[in-house]
Structures are given as C-alpha cells and as structure tokens.
Amino acid sequence: MSNFTHVVFEGLGIDFDLPSVAFTIGNHDFKFYGLIIAFGFGLAVLYGGRGAWKWKMSLDGMTDVLIWGTIFGILGARIYYVAFEWDYYSVHLNEIPAIWNGGIAIYGGIIGALLGAVIGCKIGKIDYLNLLDLGALGLLIGQGIGRWGNFFNQEAFGTNTTTALFRMWSPKIQATLAENSAELAEKGMTVNPDLPVHPTFLYESVWCLLSFLILHIIVNKKREFKGEIFMLYCVLYGAERMVVEGMRTDSLYIGDTTIRVSQLLSAVIVVVALAFFVYFMVRCKKGTLPQKMLPIIPDERPKKEKKK
C-alpha cells in the first residue's frame, strides 16, 4: 500500500502528493495523524502550564489533572466512537483497542477529560472552575491543530461541492465515497466520488484557532467570573460543530435515524451553555455571584520605592 495519496485543491489550482507516514523506525511507521495530534496536545499542555503559573495554580496539582484527564480523555474518545459504531465493533472486538487506526470522537474525549479532571482537581486541590476556563483554551489549541491529522489521513471531509474555494479531492476520498455511497444515500446524502468535497477539517481547525484567540483575549482582559471562558467555549465550538457536522459524510448517527449524534449534542450544549452564561453574567453584574477571582496575570514588576 502506498504511503502517499494525490490531493487536488481545484479552487486553488494546486495539487501534490500527500504522505501519510512521517518516518519509519525499524518495522514501525510513525504516521502524521498521530504526530500531529501529539503536537497539538503538547502545545495545549504548554499553554495550560503557563496559564497555571500565571494564575498561581499548583503545578503538582495540574500534573494530577493532566494525568487523569488524559487517561479518561483517551478512553472517553474511544468508548464514545465504539458505542455508536457497535454494529461493526461487536463482531470485531479485537479492533476496539486499535485507536492508532483512527476512530475517536472529540465529544467523547472532552466528556472523558472533564470526568478525569474532577479526580485530578480533588487530588491536586485545584479550583475546578478555573481549570475549566484554562482547559477550554487548551482544548481549542488541541482541536485546531489536531484536525490536520484528519487531513493527512484524508478523512473527516464533507459532501460534494463545486464552489467552495478550498474544495479538495483525492483517490482516497473517491474510494471512501464510492464504498459508502449506498449507506450515505440511506441517510439522505447523494455523493459523487469523482467530484471534490468540503474540507470540513479545515473549517473546524480555523474556527477553533480563531475562537482560541478571542477567548485568550477575554481571559486576560475581560473575564468576569470563573467558568465564563468554558461556557463561551461551549457556545462557540458547539455552534461551529452544529453547522460543519451537517456537511460531513462520516457522522455518527442515533440508531437507524438520520439524526447526527454530534449535531444534536452540539445544539443542546449551545442552549445550555448560553443559558448558564446569561444567568451567571446577570448575577455577576448585580454583585450576587460569590466568587473570589484569581488574578489573571499577577503583577511581577518590582515595586518602586517611595522617595523620602
């Protein structure tokens, strides 16, 4: 099997051979998919560590959060995906642990990481709401970068388009659409394997990175209460996922219906998070929200001595 696939960006007038393997050591191939996800995770951890130092959060406590959040996040991402693809995995039980072949769900990872963070916060004595705000920014970094792993795998793409500027096509996309065309037709999607598709990985990556920039500014300049950034993350990411998920051809569905799991969950998250945000913002403005805010960036400048 070739480690390259030819990718065409028709709207940009460019095409090139895209490698799936970054390098090989012995008999083991290290794929770009895993390396990019690891890179995004690493940047998120570095940002979180820097933020924890600025917010005077215990780095030992944050280590506990990182360990528990990572373990539960990976388990949650895989369990979520397998649960909604159980018809396949029920007869391929040996493939359930094979996470390196793909098949993880971001929402499952987030849910798992949040549960793991609860344990980590208890052990490390970390304020959970402050952690949520910091973690939301880390998630946006990881998601924004991690989606490029989907590009190197030529997966997580959308339906056909002949007008989108960044529309793309590759033999792997063609083969995937041809293989799943009948199943997609049952879900109300007619696809043509020979036409380009929406690069939904790109849409989500750009949205996540822009959302990170916006929330990074807010958390350093305008944060009114603990948990605010996490609520805004839920609104921003949920809104994007509702739209982009509707374009994708690899969605998880509720049973035999045409209801996309992530689209429905995103809608619920947006409504709930927005309601909580408005409620807490009103209480904050009225001065009835009893929260002791940690300094966002402690003043480390040397104090000037008073002239005698």
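Just so you know, these numbers use all the heavy atoms, side chains as well, and skip hydrogens, waters and symmetry mates.
- Of the inter-residue distances, the one linking Asp194 atom CG with Ile173 atom CD1 reads 12.5 Å to the nearest 0.5 angstrom.
- Side-chain rings of Phe166 and Tyr203 stay apart, their centers remaining 6.0 Å or farther from each other.
- A donor-acceptor contact shorter than 3.5 Å is absent between the side chain of Glu245 and the backbone of Arg241.
- Of the inter-residue distances, the one linking Thr162 atom OG1 with Arg167 atom CZ reads 6.5 Å to the nearest 0.5 angstrom.
- Of the charged side-chain nitrogens involved, at least one lies within less than 4.0 Å of a carboxylate oxygen, so that Glu224 and Lys285 count as a salt-bridged pair.
- Listed by first and then second residue, the ring-ring contact (aromatic ring centres under 6.0 Å, His included) pairs involving residues 121-161 are Phe32-Phe152, Trp148-Phe151, Trp148-Phe201, Phe151-Phe201 (not counting sequence neighbours).
- A distance of 9.0 Å separates CG of Asn192 from CD of Gln174, quoted to the nearest 0.5 Å.
- A salt bridge links Lys226 with Asp127: at least one charged nitrogen is closer than 4.0 Å to a carboxylate oxygen.
- A donor-acceptor distance shorter than 3.5 angstrom exists from the side chain of Trp207 to the backbone of Leu236, with no hydrogens or angles considered.
- Residues satisfying the side-chain contact (heavy atoms from CB on, under 4.5 Å) test with Leu59, not counting sequence neighbours, are Ala52.
- Between Tyr89 and Tyr81, the ring planes lie perpendicular to each other; the angle is over 60°, past the 30° to 60° tilted range.
- For the atom pair CD of Glu10 and OG1 of Thr161, the computed distance is 9.5 Å after rounding to the nearest 0.5 Å.
- For His28 and Phe30, the gap between ring centers is short of 6.0 Å.
- Considering every non-hydrogen atom in both Ile229 and Ala136, the closest pair reads O-CB, 4.2 Å.
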Inset, instruction - Mind running side-chain contact (heavy atoms from CB on, under 4.5 Å) on Leu114 and Leu132 for me, showing each step along the way? - result: CA-CA 8 Å; Leu114 291 176; Leu132 286 180; 3.4 Å; yes
